[in-house]
Student: 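To start, I am sharing the structure in question, which I have written as C-alpha cells.
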Protein chains: 2
Amino acid sequence: MWLNYLVNTYSFMTEHEKNTEDKILDAAKDVFQQKGMTGARMQEIADKAGINKALLHYYYRTKEKLFEKVFEIAFSLFIPKVKEMMSSDKPIFEKIEFFVENYLNLLQKHPYIPGFIISELNRNPKMLVSLIEKNVQLKEGNFLGILESQIKQEVDKGIVKPISAHNLMTNVISLCIFPIVARPILQGVLFDNDKKEFDVFLEQRRTFVKEYVINSIKA
Amino acid sequence: MWLNYLVNTYSFMTEHEKNTEDKILDAAKDVFQQKGMTGARMQEIADKAGINKALLHYYYRTKEKLFEKVFEIAFSLFIPKVKEMMSSDKPIFEKIEFFVENYLNLLQKHPYIPGFIISELNRNPKMLVSLIEKNVQLKEGNFLGILESQIKQEVDKGIVKPISAHNLMTNVISLCIFPIVARPILQGVLFDNDKKEFDVFLEQRRTFVKEYVINSIKA
DNA sequence: CATATCTTTGACCAGTTGGTTAAATTAAAT
DNA sequence: ATTTAATTTAACCAACTGGTCAAAGATATG
C-alpha cells in the first residue's frame with residue numbers, strides 16, 4: 001500500500017489508474033478550494049472522483065474529516081516552507097532572493113491554496129492551534145530570533161538598514177501572496193479585468209519584488 | 001422613510017429603536033462576514049436581528065438578494081476609497097502618507113470586510129463586473145494614468161525612483177491589507193498566537209508602512 | 001369609525017444534504 | 001478452492017434549509 005501510495009503520484013498516470021483514496025483527495029481539494037467547507041457538496045466530490053457517495057464516507061467517515069485532511073495537506077505545503085526557506089545560513093540579501101523566487105514559484109503552482117487557507121482560517125481560527133502543533137518544525141528552532149540577530153549583524157557591518165524580522169517577513173510575504181489572493185479585485189480595478197495583462201504583471205513582479213525588498217533595506 | 005434611514009444610523013440608538021431593515025442589514029453583515037454566503041443561515045440572521053424568518057424574506061425576498069446588498073455595501077465602503085484617496089493633487093509622498101493613514105484607519109474599523117470580499121469574490125468572480133459598473137466612479141477619470149504621469153514628473157525632478165503606478169499601488173495595498181486579512185496565520189506563526197503582541201505590531205506598522213514605502217521610492 | 005395598506009407572525013413544505021445500511025462484488029489469504 | 005477481508009454500490013433516511021402562506025396586528029387615510 002505505501003509503495004502504491006508513492007507510485008500513484010506520478011503525473012503520467014490516468015485518473016483511472018490512481019487508487020481511490022488519492023482520487024478522492026484530488027477531487028476534494030478542487031471542490032473545497034473553490035467552494036469552501038460550507039459550500040462544498042459530498043456528492044460533487046464523489047462525482048468528480050468518479051465514485052459513489054457511500055464510498056466517499058467509507059474512506060473518510062465525515063465531511064469534516066475529509067476537509068481536515070485536505071486543509072492539512074494545503075497548510076503543510078505552504079506554511080512550513082516559510083521557515084524552511086529562511087533558515088539557511090546565506091547572507092540576508094540572498095535569503096530574500098531565494099525566498100521570493102521559490103515562494104512565487106510555489107504560488108504559481110498552487111494559486112488557490114493561500115486564499116483557501118485564509119478563508120477557512122477566518123471562518124474557524126481554532127483550527128490553527130492543532131495544526132501548528134502537528135507541524136512541529138514550525139515551533140522548534142526559533143528562526144525569527146536567528147533572523148533578527150542576523151539582521152543586527154549586517155546592520156552593524158553597514159550593509160542593511162535596521163528593520164525588525166517581523167516587519168521584514170510580513171512585508172515579503174504580503175508582497176508575494178496578496179496579489180495572488182486578491183487577484184480578482186486587483187485585476188478588475190487596476191487592469192480593467194484584462195487577464196493576460198495581469199499575467200504579464202505577475203511575471204514582471206517576480207524580479208520586481210525581489211529587487212524592491214532588497215533595495216528597500218540596503219543601507 | 002428616507003429621513004428615518006438617515007436618523008436611525010446614529011450610534012446612540014439602541015437596537016430596539018432601529019428600523020427593521022437596518023437591523024436586518026446589521027445582522028446579515030455579521031453573519032455573512034463570519035460564515036460566508038454558503039455558511040450563513042437565514043434563521044441565524046433572523047435571530048440576530050430579533051425578528052421572524054418570514055419577515056426576513058418579506059424585506060429581502062431571497063438569501064441571494066440579501067447577500068448581494070451586504071456585499072455591495074462592503075465593497076463600496078472599501079474599493080472606491082482607493083481611487084478617491086489617490087486622486088488629490090498632493091505630491092506623491094503626501095499622497096502615500098494620506099492613503100496609508102486613512103486606509104489603515106478604515107481597516108481598523110472594519111477588519112473583516114477585506115477578507116469577506118476576497119473570499120466571496122474567489123468563490124464567484126463574476127460578481128465583480130456588475131459591481132464595478134455600479135460604482136461608476138471607479139471607471140471614470142483613469143486615476144492610474146494620472147498617477148503614472150505624476151510619478152514620471154517627480155522622477156524627472158529627481159525626487160523619486162522610477163516605479164510603475166501598478167506596482168506602487170499593489171505594494172501599498174498589499175502591505176496595508178494583507179496583515180489584516182491573514183491575521184490568524186501571521187499571528188500564529190510569527191507571534192506565537194499572542195493577540196496583544198500582534199495588536200502592538202499592527203499599531204507600530206501604521207508609521208512603519210508609511211515610512212517604508214516612501215523611503216523605498218525616494219531617489 | 002371604517003377601510004385600506006403595511007408589518008409581523010406561526011405553521012408548514014418541498015428539495016437538499018450528510019450520513020447509514022445491507023447486500024453485492026472483488027481481492028487476499030489459507 | 002474456500003474462506004476471509006476489503007471495496008463498491010443502490011436505496012434509503014432524518015435533519016436541515018430556503019422559502020411560502022394565510023391570518024393577525026399595527027398604522028395610516030378618508
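All chains are named by letter (A, B, ...) in the order of the sequence lines, taking the proteins before the strands, and each is independently numbered beginning at 1.
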Student: Would you indicate, yes or no, if C/dT8 has its OP1 or OP2 atom less than 4.0 angstrom from a side-chain nitrogen or oxygen of B/Y59?
Tutor: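 Answer yes for this pair, as a side-chain N or O of B/Y59 is under 4.0 Å from OP1 or OP2.
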
Student: Between B/Y212 and B/F208, does the ring centre distance come in under 6.0 Å?
Tutor: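 Yes: the rings meet the under 6.0 Å criterion.
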
Student: Indicate yes or no: at least one non-hydrogen side-chain atom of B/L147 is less than 4.5 angstrom from one of B/K95.
Tutor: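 Yes. Closest side-chain heavy atoms under 4.5 Å.
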
Student: Is the terminal nitrogen or CZ of B/K69 (NZ for Lys, CZ for Arg) located under 6.0 angstrom from the six-membered ring centre of B/Y60 and within 45° of that ring's axis?
Tutor: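 No, B/K69 does not sit over the ring of B/Y60.
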
Student: Would you check if B/T38 and A/K35 make a side-chain contact, meaning some heavy-atom pair closer than 4.5 Å?
Tutor: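 Counting from C-beta outward, B/T38 and A/K35 never come under 4.5 Å.
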
Student: Taking the ring centre of each residue, are B/Y103 and B/F78 less than 6.0 Å apart?
Tutor: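 Close enough - the centres of the two rings lie under 6.0 Å apart.
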
Student: Would you check if the distance from the ring center of A/F191 to the ring center of A/F201 is below 6.0 Å?
Tutor: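 Yes, the ring centres sit under 6.0 Å apart.
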
Student: Quick check: on DNA chain C, is the nucleotide nearest A/N52 upstream (toward 5') of the one nearest B/A54, or the reverse? Name the residue that is more 5'.
Tutor: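 In this pair, the answer is B/A54.
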
Student: Under 4.0 Å from any atom of DNA chain D, heavy atoms only: list the residues of residues 28-47 of chain B that qualify, in numerical order.
Tutor: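 DNA chain D contact set from residues 28-47 of chain B: B/A40, B/R41, B/M42.
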
Student: Within the structure, does a side-chain N or O atom of A/Y58 lie under 4.0 Å from either OP1 or OP2 of D/dT8?
Tutor: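 Checking A/Y58 against D/dT8: no side-chain N or O falls below 4.0 Å of OP1 or OP2.
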
Student: With nearest nucleotides of DNA chain C determined for A/T62 and B/K53 from heavy-atom distances, which residue corresponds to the more 5′ nucleotide?
Tutor: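 The 5'-side residue here is B/K53.
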
Student: Could you check how far CG of A/L55 sits from P of C/dA23, rounded to whole Å?
Tutor: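 The distance from CG of A/L55 to P of C/dA23 comes to 19 Å, rounded to the nearest Å.
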
